[in-house]
Enquirer: 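Sending over a structure as structure tokens; questions will come in a sec.
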Amino acid sequence: MVTIDVLGTSPSQEAESFGEEGAWRVHVHFGRPDWDTYFNEIRLNSPFTKVGVTFCGNPMIGNALEEACAKHTSLSRGALKFALHSEVF
């Protein structure tokens, strides 16, 4: 199953989900994310040893994601590596 979380910055919108149950699911969230919540869930439940984090946007958010990747890679004690892939236009 593939799960994708899309984060938007407009706090006035409501979260929504769509996709086929069991095959793929997209969750759309609005407002400032709590990165530790996302990274902890993935770190504790991922069957993989590498997790790619993709990002395109404001470099300040990219810096926060880079710090979160390093923090949660360290917390996994070598069991999981978070790798940030970012672009800035």
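Just so it is clear, the model here is predicted, and its values are computed rather than measured. Residue indices begin at 1 and follow the sequence shown.
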Enquirer: For the CZ atom of Arg43 and the OG atom of Ser74, what is their distance to the nearest 0.5 Å?
Expert: 9.5 Å

Enquirer: Taking the side chain as C-beta and beyond, is there a heavy-atom pair between His72 and Asp36 under 4.5 Å?
Expert: yes

Enquirer: Can you see which heavy atom on Ala64 is nearest to which on Trp35, and at what distance?
Expert: CB-NE1, 4.1 Å

Enquirer: Specify the closest pair of heavy atoms between Leu84 and Cys69, including all atoms of both residues, with the distance to one decimal.
Expert: CB-SG, 4.0 Å

Enquirer: Evaluate the side-chain proximity of Phe39 to Leu75: yes if any heavy-atom separation is below 4.5 Å, no if none is.
Expert: no

Enquirer: What's the separation between atom CD1 in Ile61 and atom OG in Ser86, rounded to the nearest 0.5 Å?
Expert: 11.5 Å

Enquirer: Below 4.5 Å, heavy atoms only, C-beta onward: do Leu80 and Thr73 meet side chain to side chain?
Expert: no

Enquirer: For a 4.5 angstrom cut-off between non-hydrogen side-chain atoms, does Phe82 reach Leu65?
Expert: no

